[in-house]
2 protein chains.
Amino acid sequence: MELSIIDSLKAGGKKLTKARKAILAVLEKNALPITVAEVHAGLVKARTNVDLVTVYRNLAMLQELGLVNAVGFHEGQMRYEVVHGRAHHHHIQCRGCGKIIDLMLCPLKKLTKLIEEQTRFSVDGHALEFFGWCPQCR
Amino acid sequence: MELSIIDSLKAGGKKLTKARKAILAVLEKNALPITVAEVHAGLVKARTNVDLVTVYRNLAMLQELGLVNAVGFHEGQMRYEVVHGRAHHHHIQCRGCGKIIDLMLCPLKKLTKLIEEQTRFSVDGHALEFFGWCPQCR
DNA sequence: TGGTAAATGCAAGTGAGTTGCAAATGTGGT
DNA sequence: ACCACATTTGCAACTCACTTGCATTTACCA
C-alpha cells in the first residue's frame, strides 16, 4: 500500500507546516506540472504568504520523498506535479504555445531491464517528454 | 542522402567561420554530449580563441540546422553532441559521478504514431534520458 | 579586390535557483 | 498545556547559465 502524505513526511522526519500544506494544495489543484513561479503565484492567490525560496526548498524536499515529480521540458526551469497515487506517466508539450498534455503511458519497463543488463548500471528513473505542435498551433 | 556539414550551412545561408569549424571539431572529438563550458574549454586547449558567447550562439544555430543535438539531464545546463550521420540514440547518466553512456536504441517510433492519433498533436521530437548508478558508484 | 551581410567580442543584463543566518514554528515528552 | 529543541521560514545576497545590444571584424560573392 501507499503511505499517506502525512505519513511520508513523518517517516522522513519532516514537519507538516502551513507552507507545506499550502504548496501541496496548489499542486493538487493543478492536473499538469507547473513551474515554481506558478506554485508561488497560486499561494499568493490563496492568500497564503510563503516566500519563493520556501517553495524551492519544499519542492526539492517533496521530490526527494517521492511525493512530487519533477518534469523538465528544457525551458530553463523545472515543473512539478503531485504523485499522490497517480499512475506513472509522461507528457507532451506544444512547441508553439507551450501547452502540456498528459500521456497515460510508458513503454520503458522492459527496456529498463535490457539497459541494466547491457550497461551494468542500476537504473532507477527516466525522463521522457514529447514535443510537437498542437491542433491550434499546427 | 545526407547533406555534408558545409552544404547544410550553405543551405541555411551560414558562413563556414573559423569558430564554427573549431566548435564542430571539438564536438567531433567527443563521443558523448558535452556542456557549453566544455566545448569552450576544448577550444582554448586547441589554441582557438573563441568567446563563450560565440559558442552559445553557434550551438543554438547548429541545433536549428539539425547538425547538433541538445541533450539535457536537468543539471541546470544543456549538453551537445554532433549528429553527423550517427544513428538516433539516447543516454543514461549516473546519479553518483555524472558519467554518461550512449544507449543505441529508441523504442518510440510506434508510440509516436499512437500519440499523434490520440492527442492530435503532430509530434516532431522527444527527449528520453535514463538515470541510475554506474558499477563504480553503486 | 571591394561591398555587404553575417558573425564575433565585449560588456552588461536577465532570471532560475542557492546559501547563510537570525527569527519563527511545529512536535514529542512530561 | 507547556517546554525544549530541531526543523523550517524569510530575507538578503549571491551564483551561474544563458541572453542581448552594439561596434568591429570576417567570410563570401560579384
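Here D/dG10 presents its C1' atom at 13 Å from CD1 of A/I23, a figure rounded to the nearest Å. Atom OH in B/Y80 sits about 13 Å away from atom P in D/dA17, given to the nearest Å. Regarding B/Q77, its CD atom lies at a distance of 13 Å from the P atom of D/dT19, rounded to whole Å. Here the C1' atom of nucleotide C/dG26 and the CD1 atom of A/I6 are 13 Å apart, to the nearest Å. In this entry the distance linking CG of B/D51 with C1' of D/dA17 reads 14 Å, nearest Å. In this structure, B/L59 atom CG and D/dT19 atom C1' are separated by 14 Å, rounded to whole Å. Taking atom CG of A/N58 as the reference point, atom C1' of C/dG26 lies 13 Å away to the nearest angstrom. One atom, NZ of A/K21, and another, P of D/dT9, lie 12 Å apart when rounded to the nearest Å.
The aromatic rings of A/H74 and A/F131 sit tilted relative to each other, their planes meeting at an angle between 30° and 60°.
B/A37 comes within 4.0 angstrom of no nucleic acid atom, judged by non-hydrogen atoms across all strands.
Judged by distance alone with a 3.5 Å cut-off, a donor-acceptor contact links the side chain of B/K15 to the base of C/dA5. A donor-acceptor contact under 3.5 Å is formed by the side chain of A/R57 with the base of D/dG10.
Residue A/R20 places at least one side-chain N or O under 4.0 Å from the OP1 or OP2 atom of D/dT8. Applying the 4.0 Å criterion to OP1 and OP2 of C/dG9, one finds that B/N49 has every side-chain N and O outside that range. In this structure, B/T54 does not reach the C/dA7 phosphate: none of its side-chain N or O atoms is under 4.0 Å from OP1 or OP2. The shortest distance between the side-chain N/O atoms of A/T17 and the OP1/OP2 oxygens of D/dT9 is below 4.0 Å.
Of the listed nucleotides (C/dG26, D/dT19, C/dG17), C/dG17 has the atom at the smallest distance from the side chain of A/V36. Proximity note for B/Y56 (side chain, C-beta onward) versus D/dT19, C/dT19, D/dT8: the nearest is D/dT19. In the set D/dG10, D/dC29, D/dT20, the nucleotide with an atom closest to the side chain of B/K10 is D/dC29. Closest contact between the side chain of A/L16 and the listed nucleotides C/dT27, D/dA12, C/dA11 involves C/dT27.
Within the 3.5 Å criterion, the main-chain N or O of A/M104 finds no donor-acceptor partner in the side chain of A/D102.
Across all their heavy atoms, A/A31 and A/R86 have their closest contact at O-NH1, 3.2 Å. Smallest separation of non-hydrogen atoms from B/H89 and B/L103: CB-O, 3.2 Å.
Between the side chains of B/D7 and B/S4, at least one donor N or O lies within less than 3.5 Å of an accepting N or O.
Residue A/V53 is the one, among A/V53 and B/L52, whose nearest nucleotide of DNA chain D lies closer to the 5' end (criterion: closest heavy atom).
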